[in-house]
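What follows is a single structure, written as structure tokens, with notes after it.
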Amino acid sequence: MSATNAPGAVSTAPSKKPGNAERKDRARQPRSLKRIAVYVLLSLGLLIMSAPFLWMALSAFKTSSELTASPPVWIPTEWTLENFRDLLDKLDLPLYFMNSVIVAVLVTVSNLVFCSMLGYALAKLRFAGRNKIFGLVLGALMVPGNLMLLPLFVLMSKLQLIDSYAGLVLPFAAGAFGVFLMRQFMQSIPDELLEAARMDGAGEWYIFWRIVMPLVKPALATLSIFTFLGSWNNFVWPLIATNDPDKYTLPVALATFATDPNKAGGSNGMLMAGSFLIVLPVLVVFIALQRHFTQGIATAGMK
Amino acid sequence: MSTTTGKAAESAKVQAGPGTAKSPAAGPKGSRMRGKPRLGVQNMAGWLFSTPFLVLFLVFMAVPIIATLVMSFTDFGLRNVTHPLDANFIGFENYTKLFSDEKFLKSLFNTAYFVVIGVPLTIFLGLLVAVLLNNGIDRARTFFRVGFYAPVVTTIVAVAVVWRFVLDPSDGLVAGLFSEVGLTAPDFLGSETLAMPSMIAMAVWRNVGTVMVLFIAGLQAIPTEVREAARLDGAGVWQEFKGITVPLLRPTMLYATVITTIGYLNVFEEPFVMTQGGPSDSTLTVSLNMYREGFNFFHMGYASAMAYVLFVVIMGITVLQLRLLKDNTK
């Protein structure tokens, strides 16, 4: 935690090889210099990280002549909403937005319920087959999604669920990651608490909904964020499972627009406007809830 | 920003608190004798709680995984989407064809290229940022962490569209930087040699945040006493890093490497949006190739074989990484 131990400083000032004797000064004198170096490095990194976003945001408001200027114009001289207007004329964005929201909400709710249920069973119930099911969940974590796409498409065609919300939602209705996450959190609930409730005659269903679920609210928040975002950003399956443009999700609509060979140049502004509209809500949500994101990743990665 | 979210997290915890305290008390009060026959009840409950997941898992994952394997031994085509059972078994024909298919071999090579350059870069930069954040800084740590993690959460399709524009040789951001110093920018995505490195740059940009967060968590799990003890024993900065930080970070390193590798082996959206696999297939990855064969040309049997080859490669590399990195600890 403290700024004294300094593997970070090694990379910035490798020439310093502090021996035993200088260790005391090391803590004092060059620290501020090192710290400045670290700040400079990080700021430089941050600038690179944010440059594409800044470019996107600025370009979305440029006029078409500024967009195609070479060398490029950095900051628009006259800000315009032209790109957004043109984009909305060409693409029914509110429709795609609604499609994305509906799919993401359904996926999130079903994951919260089903993953928590199995997570509870794996963490707190003794039953034959428990270890095998957990093994299955771990195995499922490792299988790449690509492996299922082709038969899944055939299955959905057979069930006539292509171009339906059900077709978009069902394959993601319960993910192994959610089970894993919920199990990790539920294991920390003391058994005595559940035992006491059982003594009082509470059924497992009651214990699950009334005792366990309220206790794991932070985990549920983390899981909802990740699932919602995963669905919001998902591309491959919605690309395959929709043919009717009325059922496109936002990424599919944008990609279809962006890779359409028939549209002439000069639409870069529209693409920037579209990317801006998709990315902005995600960034805002992320910044507001960033604590949950980083905790969720860390928790999943620790064990 | 951080204070507001801090409060939000706090209040979430507070809300969870009273719920807990109340629920057991509010529970129905039965007789105390009910503790014994619970094992059978738990067995039942266990399976009932597992059923929804298992049904979904079976229908939308297990069966398709097996079906892909079966399909890979058939000539499954467009016709068979409506009549799956009419497909003919052709043995290993798809697989033998794959390994004389130049396009597939090229996609395999491209994917390997992407992984071999991309994974070490991502891991190294992620570790570097994590170490800098964890040790060199006590202010603005959240600010930096949020900044480096932001690309991870954004929609990859939108981001790929943005990068296509950023790299545009005439009016892109990078072209602007080149002209500021009096140079002409090359056509990154239009060049056979530069298209893949450009895509790797974007992937690294997007994934550094994930690795960084993992390493920060790993670093914070190292007890301060261990470091202090080492320092009392006279360990220098570098010795401490090599002797303590690196070995104790090994599990994190392992996890980060494995998930990054798996992610990169599946790379799809970047080439799909940015180059459509071109120029001259120089960015055609295995996943993109599989998608095209399967869903553009409806050679689904052939595409299934590709999916399985990729799967075997992924499993092989994962197992290898687990072995290698675990053995190093001894």
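Each chain gets a letter, A, B and so on, in the order the sequences are listed, and its residues count up from 1.
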**Request:** Flag the pair Glu204(A) / Met44(B) as yes when at least one side-chain heavy-atom distance between them is below 4.5 Å, and no otherwise.
**Result:** no
**Message:** Can you tell me which portion of Phe276(A) sits under 4.5 Å from chain B's heavy atoms? Options are side chain, backbone, both or neither.
**Reply:** neither
**Prompt:** What part of Arg206(B) gets closer than 4.5 Å to chain A, counting heavy atoms only: side chain, backbone, both or neither?
**Reply:** neither
**Prompt:** Name the one of Leu122(A), Val137(A), Leu136(A), Val113(A) that satisfies side chain to side chain contact (heavy atoms under 4.5 Å, CB included) with Phe53(B)?
**Reply:** Val137(A)
**Request:** May I ask you to name which of Lys158(A), Met213(A), Met56(A) has the most heavy-atom pairs under 4.5 Å with chain B?
**Result:** Lys158(A)
**Message:** As an exercise, state the distance from CZ of Phe114(A) to CG of Leu56(B), rounded to the nearest 0.5 Å.
**Reply:** 6.0 Å
**Prompt:** With a 4.5 Å limit on heavy-atom distance, are the side chains of Phe153(A) and Val81(B) in contact?
**Reply:** yes
**Asked** Just wondering, do Phe60(B) and Met156(A) contact through their side chains at under 4.5 Å, heavy atoms?
**Response** yes
**Request:** Measure Leu173(B) against the heavy atoms of chain A and call it side chain, backbone, both or neither at under 4.5 Å.
**Result:** both
**Complete:** In terms of heavy-atom pairs under 4.5 Å with chain B, the winner among Ile278(A), Val143(A), Leu239(A), Val73(A) is Leu239(A)
**Phe49(B) and Phe127(A) aromatic centres sub-6.0 Å** = no
**Request:** Examine whether an atom of Val59(B) lies under 4.5 Å from a heavy atom of chain A, and if so say whether it belongs to the side chain, the backbone or both; otherwise answer neither.
**Result:** both
**Request:** Look up atom CG in Leu48(B) and atom CZ in Phe208(A), then write down how far apart they are to the nearest 0.5 Å.
**Result:** 12.5 Å
**Complete:** Of Met290(B), Glu269(B), Gln276(B), the largest count of non-hydrogen pairs under 4.5 angstrom with chain A goes to Glu269(B)
**Prompt:** Which bit of Tyr308(B) comes within less than 4.5 Å of chain A, counting heavy atoms only: side chain, backbone, both or neither?
**Reply:** both
**Message:** So, applying side chain to side chain contact (heavy atoms under 4.5 Å, CB included) with Asn146(A), which one of Asn266(B), Thr68(B), Leu265(B), Val286(B) is it?
**Reply:** Asn266(B)
**chain A contact via Phe165(B) - side chain, backbone, both or neither, heavy atoms under 4.5 Å** = both
**Request:** State, with a plain yes or no, whether a side-chain heavy atom of Val236(A) is found less than 4.5 Å away from one of Phe272(B).
**Result:** no
**Request:** Pick one of side chain, backbone, both or neither for Ala140(A), based on which atoms fall under 4.5 Å of a heavy atom in chain B.
**Result:** both
**Message:** Given heavy-atom pairs under 4.5 angstrom as the criterion, report whether the side chain, backbone, both or neither of Leu42(A) touches chain B.
**Reply:** both
**Asked** With a 4.5 angstrom heavy-atom cut-off, which part of Ile240(A) approaches chain B: side chain, backbone, both or neither?
**Response** side chain
**Engaged part of Thr184(B) at the chain A interface, taking heavy atoms whose separation is under 4.5 Å** = neither
**Item:** Max heavy-atom pair count under 4.5 Å with chain A, selected residue of Val273(B), Val146(B), Val63(B)
**Value:** Val146(B)
**Fill in**
Heaviest contributor of heavy-atom pairs below 4.5 Å to chain B, chosen from Phe172(A), Trp205(A), Trp232(A), is Trp205(A)
**Item:** Proximal component of Trp163(B), with respect to chain A [non-hydrogen, under 4.5 Å]
**Value:** side chain
**Complete:** So, the part of Leu54(B) with a heavy atom under 4.5 Å from chain A: the answer is side chain
**Complete:** Note: vs chain B, highest number of non-hydrogen pairs under 4.5 angstrom among Val279(A), Leu170(A), Leu152(A), Leu149(A) is Leu170(A)
**Message:** Less than 4.5 Å to any heavy atom of chain A: does that hold for the side chain of Met61(B), its backbone, both, or neither?
**Reply:** both
**Asked** Do the side chains of Pro151(B) and Phe53(A) get nearer than 4.5 Å, heavy atoms only?
**Response** yes
**Item:** Spacing of CG belonging to Leu125(A) relative to CH2 belonging to Trp47(B), to within rounding of 0.5 Å
**Value:** 12.5 Å
**Item:** Leu150(A) side, atom CG; Met306(B) side, atom CE - distance, nearest 0.5 Å
**Value:** 10.0 Å
**Fill in**
In short, Gly172(B) meets Pro72(A) closest at the heavy-atom pair O-CG, 3.1 Å
**Asked** Which bit of Phe148(B) is near chain A, if near means a heavy-atom gap under 4.5 Å: side chain, backbone, both or neither?
**Response** both
**Prompt:** How about Thr155(B) and Leu250(A): do any of their side-chain heavy atoms sit closer than 4.5 Å?
**Reply:** no
**Item:** Atom pair OG1 (Thr154(B)) and CG (Leu283(A)), whose distance is rounded to the nearest 0.5 Å
**Value:** 6.5 Å
**Contacting moiety of Leu177(B), where chain A heavy atoms sit under 4.5 Å** = both
**Item:** Atom group of Glu180(B) that falls short of 4.5 Å from chain A, counting heavy atoms
**Value:** side chain
**Asked** Atom CG in Asn43(B), atom CZ in Arg126(A): separation rounded to 0.5 Å?
**Response** 12.0 Å
**Prompt:** Can you say whether Met300(B) sits under 4.5 Å from chain A via the side chain, the backbone, both, or neither, judging by heavy atoms?
**Reply:** both
